[in-house]
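Here is the structure we will look at, set down as structure tokens.
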Amino acid sequence: MASSKHNNAATRTRPPLRLAIAGIGLVGQRHADAIAQVSDTTLCAVVDPSDAGKVAAERLGVPWFDDLNTMILAQAPDGIILSTPTKLHVDQGAACLDAGIPVLIEKPLADDLRAAKILVESAEQANVALLVGHHRRHNPLIRKAHEHIKRGTIGAVRAVQTTCWFYKPDTYFDVAPWRKQVGAGPISVNLVHDIDLLRHLCGEIVSVQAQAAPSDRGYENEDVAAALLRFANGAIGTITVSDSIVAPWSWEMTAHEYPIYPTTSQSAYQIGGSHGSLSVPDLTLWTHNERRDWWTPISATSVTRDTSDPLINQMAHFAAVIRGEEVPLVSGREGLRSLAVVDAIQKSAKTNTLIHLDEADGDDRLGKVMSQTTKTNETKAKIAN
């Protein structure tokens, strides 16, 4: 879809946008591939202090830099993609904004909610585009699911179940030791994608209660977690994540989005409504044939949709945003709201508390912590009186 959208005569007559990538690991390389597929973009530089980064730059035929600010001064790119470790996002994002350069920051936006809020506000005040790499929103199947839910095909959303289970090999952590550290567990690294889609499909999340278990491999972070979510529209959600469970129920194995992952015929999300239910990403719509009654037959319909690479779609969209042709689908503010939910899940898991999020804006979603013990004692006191 992205290539056809940008491969017309008008785009061929204008100079391509010069984009730079900071961090040329697994995700950075995918961004490089996406740039090559979008006609009005070209890769102009790679920033990565590692030897592998230098080799990648040589293979891609672009200048290599070991420092972001040096690259900005030397190349003055039209846009920058940050696919570096999460802890670097805020400082590097600020460097891009200070230079007035639109930036696409890989998810999660940051590893610190307050710092992320400052970064987003800086982008808004400077009027420089800040996008967050929740690329799944650019998948045609998500567009179709969003369309059906908003149209009311399944009625009012009442509940959603989300499963994010998979097994990362030891080598995944060994090649990048930061993945073993606090804040780099599956809650922040993986679950943030699913939280973003749940917000996109089902509405804002207003409270969470979660639990997590420490890594069975002895790392600093968790390797399994679960959360109960309440949405602003009254719906209830459950979500579980683990990078140490062998299972077929994850976006990666069910969306057929990235060939490196083996595919299954399963689904990762079940969204239940008052008139029907929808499973995602297989887009199976379940409705009763005659009337809403568990004694009447229920049938499944496969929802048709287009097929295209969401990362290419995202890159084409980034180019359109830089040119002023589109507004960000996943702005810094949107990324901040998803990060706030993930932050609340982490806090809830650590403190065993129910956390309420600010429904209005999400800009300072550190949440109001309500201790279950305190609530129970208050209830007992009222009863006693």
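In this structure, L228 and R230 have side chains that are not in contact, with every pair of non-hydrogen atoms separated by 4.5 Å or more. Taking 4.5 Å as the limit, every side-chain heavy atom of D48 sits out of range of all side-chain heavy atoms of D66. The shortest distance between side-chain heavy atoms of M253 and T263 does not fall below 4.5 Å. Side-chain contact check for L19 versus I81: some heavy-atom pair is nearer than 4.5 Å. Considering only heavy atoms from C-beta on, R143 stays 4.5 Å or farther from R137 through its side chain. L197 places none of its side-chain heavy atoms less than 4.5 Å from the side chain of H146. A heavy-atom distance below 4.5 Å is not found between the side chains of L104 and L82. Side-chain contact check for R217 versus F173: some heavy-atom pair is nearer than 4.5 Å.
For the residue pair C202 and I271, the shortest heavy atom distance occurs at SG-CG2, 4.2 Å. Heavy atoms only, all atoms of each residue included: S274 and R292 are closest at O-NH1, 2.9 Å. Residue W249 comes nearest to S267 through the heavy atom pair CD1-O, 3.8 Å, listed as atom of the first residue, atom of the second, then distance. What you find for F318 and I80 is that their closest heavy atoms are CZ-O, 3.9 Å. Summarising the geometry of A32 relative to I24, their closest heavy-atom pair is CB-CD1, 4.3 Å, with the distance given to 0.1 Å. The two atoms that bring S348 and T353 nearest to each other are OG-O, 2.5 Å, heavy atoms only.
More than 12 heavy atoms of other residues, nucleotides or ligands shown are found within 6.0 angstrom of CG on N289. When the shell of 6.0 Å around CG of L26 is examined, it contains 12 or fewer heavy atoms from other residues, nucleotides or ligands. Heavy atoms of other residues, nucleotides or ligands lying less than 6.0 angstrom from CG of D51 number 12 at most. Counting non-hydrogen atoms of other residues, nucleotides and ligands closer than 6.0 Å to CD of Q211 gives a total of 12 or fewer. For NZ of K87, the number of neighbouring non-hydrogen atoms (other residues, nucleotides, ligands) closer than 6.0 Å is 12 at most. At most 12 heavy atoms of other shown residues, nucleotides or ligands fall within 6.0 angstrom of atom CG in D216.
The stretch residues 100-111 participates, sequence neighbours left out, in these side chain to side chain donor-acceptor pair (under 3.5 Å) pairs: H31-E106. A ring-ring contact (aromatic ring centres under 6.0 Å, His included) check over residues 175-194, counting only residues at least two apart or in different chains, returns the pairs H134-H193, H135-H193.
I345 is connected to L201 through a chain of hydrophobic side-chain contacts under 4.5 Å among Ile, Leu, Val, Met, Phe, Trp and Tyr, so both are in one cluster. L109 and V128 end up in the same hydrophobic cluster when Ile, Leu, Val, Met, Phe, Trp and Tyr side chains are linked at under 4.5 Å. No path of Ile, Leu, Val, Met, Phe, Trp and Tyr side chains, each step under 4.5 Å between heavy atoms, connects L311 with I322, placing them in separate hydrophobic clusters. The cluster map of Ile, Leu, Val, Met, Phe, Trp and Tyr, joined by side-chain heavy atoms under 4.5 Å apart, puts V90 and V27 in different clusters. In the hydrophobic clustering of ILVMFWY residues, with side-chain heavy atoms under 4.5 Å counting as a link, V160 and W165 come out apart.
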Between E220 and K180, does the salt bridge (Lys or Arg N to Asp or Glu O under 4.0 Å) criterion hold? Intermediate values first, please. CA-CA 6 Å; E220 295 178 9; K180 303 178 182 181; over 6 Å; no

Steps toward side chain to side chain donor-acceptor pair (under 3.5 Å) verdict (S242, D223): CA-CA 5 Å; S242 176; D223 70 0; 5.1 Å; no

Show your reasoning for whether side chain to side chain donor-acceptor pair (under 3.5 Å) applies to K144 and N139. CA-CA 9 Å; K144 187 61 67 172; N139 194 314; over 6 Å; no

Stepwise side-chain contact (heavy atoms from CB on, under 4.5 Å) test for V132 and E334: CA-CA 8 Å; V132 183; E334 276 294 283; over 6 Å; no

Could you go through R136 and D196, starting from their C-alpha distance and side-chain angles, then the distance that decides it, and tell me whether this counts as salt bridge (Lys or Arg N to Asp or Glu O under 4.0 Å)? CA-CA 9 Å; R136 295 179 188 175; D196 182 73; over 6 Å; no

Show your working on side-chain contact (heavy atoms from CB on, under 4.5 Å) between K168 and V189 and close with a plain yes or no. CA-CA 12 Å; K168 293 177 181 175; V189 173; 4.2 Å; yes

When you look at K117 and V120, which way does the side-chain contact (heavy atoms from CB on, under 4.5 Å) test go after all the steps? CA-CA 5 Å; K117 177 179 180 288; V120 170; 5.9 Å; no

Please step through salt bridge (Lys or Arg N to Asp or Glu O under 4.0 Å) for the pair E58 and K54, ending with a clear verdict. CA-CA 6 Å; E58 293 174 352; K54 188 173 184 179; 5.2 Å; no

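Residue S244 holds its OG atom at 8.5 Å from CG of D170, rounded to the nearest 0.5 Å. The distance from atom CD1 of I239 to atom CG of L229, rounded to the nearest 0.5 Å, is 6.0 Å. From E252, atom CD reaches atom OG1 of T264 across 11.0 Å, with rounding to the nearest 0.5 Å. Rounded to the nearest 0.5 Å, atoms CG (D243) and CD1 (I187) are 10.5 Å apart. The distance from the CG atom of N69 to the CD atom of Q92 is 9.0 Å, given to the nearest 0.5 Å. For the atom pair NE2 (H89) and CG (L339), the distance works out to 11.0 Å, reported to the nearest 0.5 Å.
Between D40 and R323 there is a salt bridge, with a side-chain nitrogen of the basic residue lying less than 4.0 Å from a carboxylate oxygen of the acidic one.
Remark: side-chain polar atoms of S338 are not paired, donor with acceptor, to backbone N or O of G335 under 3.5 angstrom. With hydrogens and angles ignored, the 3.5 Å screen pairs no side-chain donor or acceptor of Q75 with any backbone N or O of A45. Put simply, the side chain of D78 gets close to the backbone of R18: a donor and an acceptor are under 3.5 Å apart. When atom types are taken as modelled, the side chain of R30 and the backbone of G25 share no donor-acceptor pair closer than 3.5 angstrom. The closest donor-acceptor contact from the side chain of S83 to the backbone of G23 lies under 3.5 Å.
S215 and N221 share no donor-acceptor pair across their side chains, judged by distance under 3.5 Å alone. Between the side chains of Q37 and D33, not a single donor N or O lies within less than 3.5 Å of an accepting N or O. Counting only N and O atoms by type, the side chains of D194 and T162 include no donor and acceptor under 3.5 Å apart. There is a side-chain donor-acceptor pair under 3.5 Å between E257 and W251. Side-chain contact check for W286 and S299: no donor-acceptor pair (N or O, by modelled atom type) lies under 3.5 Å. Side-chain contact, D282 with S279: a donor N or O sits under 3.5 Å from an acceptor N or O. Side-chain contact of D293 with T296: a donor-acceptor pair under 3.5 Å is absent, judged by distance alone.
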Which atom pairs, donor and acceptor, lie under 3.5 Å between side-chain atoms of residues 149-158 and protein residues at least two apart or in another chain?
| from | atom 1 | to | atom 2 | distance (Å) |
| --- | --- | --- | --- | --- |
| R151 | NH2 | E147 | OE2 | 2.3 |
| T153 | OG1 | H148 | O | 3.2 |
| T153 | OG1 | H148 | ND1 | 3.1 |

